[in-house]
Amino acid sequence: MQTTIQTRCLTGKTLFFFSVLSTILIKKDTFFFFVQKHSHIKKKKFQESPYTRTPQKIKKQSLFSMRTSNHLIGLVNFLTFLASIPILGGGIWLSSRANNTDCLKFLQWPLIVIGVSIMVVSLAGFAGACYRNTFLMYLYLWAMFFIIAALIGFVIFAYAVTDKGSGRPVMNRVYSEYHLQDYSGWLEERVTSQSYWSKISSCIRDSHVCGKMRRTYNRGIPEPVEMFNLRKLSPLESGCCKPPTECGYTYLNETVWNPGSGIVGSDPDCGRWSNYQQQLCYNCNSCKAGVLASLKKSWRKVSVINIVILIILVIMYMVAIAAFRHNKRIDNDEPYGETRMEKSQPSRIHF
């Protein structure tokens, strides 16, 4: 009887063991089935990656890329339009100085023409980018190429013709004096020619440069010579409104000088000086040198601005060319972006 009870217990334990084992096996099969199913889904999703693009997706991306390029070209043209303003402003500033100070009226026109040309061409490029007009874009690129070349030529020319000459320091004086022999070249020959100098000297006289430099104190007393020697005169004031220091004239006021016991210096300008307010030293070589020094100052200031604008224009021009070529590739249905090769299992490493 006891043996029968033990046999039944063993049989129950065996059945329990087999039931637990079967449950584990069923769960294991269920797990493997779930893993296999999940991996199939991931594989399917992985196969539908961006590397297997449909033509519709490619077309959408190309249109988006083209719109981005057009916006970039439009922005570049707008910045080019803004860059033309300092160039045009420099030409207008030179024009105002030509009427009042420098009195040489042909130098500002190249800058004004270049500034206006950049404005017109940038507007044409902006319209071409907005309306996708290929003709206007070609016109913009070719015209900007010639405008940039012209601006480079103008900057080189401005530095070449104003390379020589500067003021000479004078002992016990703050201001400098200018000598015509320190200058040479095309600009010096043009300024000193009789036909041009008659117009320039008349312009200086009419601008009242020398009359504006007078300073008086109480009861019309002129500025003392000690104060006058501490003034920093402009090239025109130093060269056209007073005699050279080496002539030995005695100071009475800014535009009246007494020869005293006689002329000391050997400079020819010593004999050309006159206290007559309509003549002064307008026919002196020092006045011609003062005009050249004033032109050099004006041109160098404008040239610095032009160099900065030129660098900006070249960078924007290169960006516009890159964007235009990008649009052209899209128009010609050339491959864009990533490769179009379809892979069922693409590599995870890309270069």
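Basis for what follows: all heavy atoms, side chains included, without hydrogens, waters or symmetry-related copies.
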- Derivation of the side-chain contact (heavy atoms from CB on, under 4.5 Å) call for S166 and Y178: CA-CA 7 Å; S166 60; Y178 302 86; over 6 Å; no
- Task: Starting from L230, walk the hydrophobic network (Ile, Leu, Val, Met, Phe, Trp, Tyr; side-chain heavy atoms closer than 4.5 Å) and list everyone else you reach, by chain and number.
- Result: V174
- Taking the two cysteines C270 and C247, decide whether their SG atoms are closer than 2.5 angstrom. yes
- Sequence neighbours excluded, every pair satisfying salt bridge (Lys or Arg N to Asp or Glu O under 4.0 Å) that has a member inside residues 270-289: D269-R272
- Members besides V256 in its Ile/Leu/Val/Met/Phe/Trp/Tyr cluster (side-chain heavy atoms under 4.5 Å): L252
- Task: Determine yes or no for a side-chain-to-main-chain donor-acceptor pair under 3.5 angstrom, with S238 supplying the side chain and S234 the backbone.
- Result: no
- Task: For D206, check side-chain hydrogen bond (donor to acceptor under 3.5 Å, both in side chains) against everything at least two apart and list the hits.
- Result: none
- Message: Check whether S303 reaches the backbone of W299 with its side chain - one donor and one acceptor, N or O, closer than 3.5 Å.
- Response: yes
- Query: So, R300 side chain and T162 main chain: donor-acceptor pair closer than 3.5 Å or not?
  - Reply: yes
- W197 side chain reached by N283 side chain, heavy atoms, under 4.5 Å: yes
- Query: Could you state the interatomic distance from CG (L82) to CD1 (I312), rounded to the nearest 0.5 Å?
  - Reply: 10.5 Å
- For T255 and Q277, does a side-chain donor sit closer than 3.5 Å to a side-chain acceptor? yes
- Task: Could you pull out all residues at least two apart from E226 that satisfy side-chain contact (heavy atoms from CB on, under 4.5 Å)?
- Result: P224
- Task: Name all pairs fulfilling the disulfide bond (SG atoms under 2.5 Å apart) condition that reach into residues 150-197, sequence neighbours left out, sorted by first residue then second.
- Result: none
- Hey, could you give me each pair passing side-chain hydrogen bond (donor to acceptor under 3.5 Å, both in side chains) that has a residue in residues 138-154? Not counting sequence neighbours. Y138-K328
- C287/C284 sulfur atoms closer than 2.5 Å: no
- Query: Are L180 and V170 joined in one hydrophobic group, where the rule is that I, L, V, M, F, W and Y side chains link up if heavy atoms are under 4.5 Å apart?
  - Reply: no
- Message: Strictly distance-based, threshold 3.5 Å: is any side-chain N or O of S286 a donor or acceptor partner for the main-chain N or O of G239?
- Response: yes
- Message: Under the salt bridge (Lys or Arg N to Asp or Glu O under 4.0 Å) definition, can you give me all pairs with a residue in residues 158-172, not counting sequence neighbours?
- Response: R168-D182
- Sidechain N-carboxylate O distance under 4.0 Å for K242, E177: yes
- Flag yes if V113 and V116 sit in one hydrophobic cluster, no otherwise; membership is Ile, Leu, Val, Met, Phe, Trp, Tyr, and two members link when side-chain heavy atoms are under 4.5 Å apart. no
- For F78, does the CZ atom have more than 12 heavy-atom neighbours from other residues, nucleotides or ligands under 6.0 Å away? no
- Applying side-chain hydrogen bond (donor to acceptor under 3.5 Å, both in side chains), name anything that partners N275, two or more places apart in sequence or on another chain. W273
- Message: Show, in sequence, the C-alpha distance, side-chain angles and deciding distance for L313 and I118, and conclude whether the side-chain contact (heavy atoms from CB on, under 4.5 Å) test is met.
- Response: CA-CA 10 Å; L313 285 178; I118 293 176; 3.7 Å; yes
- Hey, what do you get for CG (L136) to CG (L139), rounding to the nearest 0.5 Å? 6.5 Å
- Message: Going by salt bridge (Lys or Arg N to Asp or Glu O under 4.0 Å), name the residues that satisfy it together with E254, two or more places apart in sequence or in a different chain.
- Response: R231
- Apart from I311 itself, what residues make up its hydrophobic cluster, given side-chain heavy atom links below 4.5 Å? V155, Y159, V304, I307, I315
- Between the side chain of S84 and the main-chain N/O of F81, is any donor-acceptor distance below 3.5 Å? yes
- With sequence neighbours left out, the residues meeting ring pair (Phe, Tyr, Trp, His ring centres under 6.0 Å) with F228 are Y175, Y251, W257
- Message: With a 4.5 Å cut-off on side-chain heavy atoms, are I85 and M119 touching?
- Response: yes
- Message: Taking less than 2.5 Å as the test, are the sulfur gamma atoms of C240 and C210 close enough?
- Response: no
- Verdict with reasoning, I204 to V291, per side-chain contact (heavy atoms from CB on, under 4.5 Å): CA-CA 9 Å; I204 296 172; V291 170; 3.6 Å; yes
- Begin with the C-alpha distance, continue with both residues' side-chain angles, and end with the deciding distance and a verdict on side-chain contact (heavy atoms from CB on, under 4.5 Å) for N285 and D267. CA-CA 10 Å; N285 288 335; D267 193 328; 5.8 Å; no
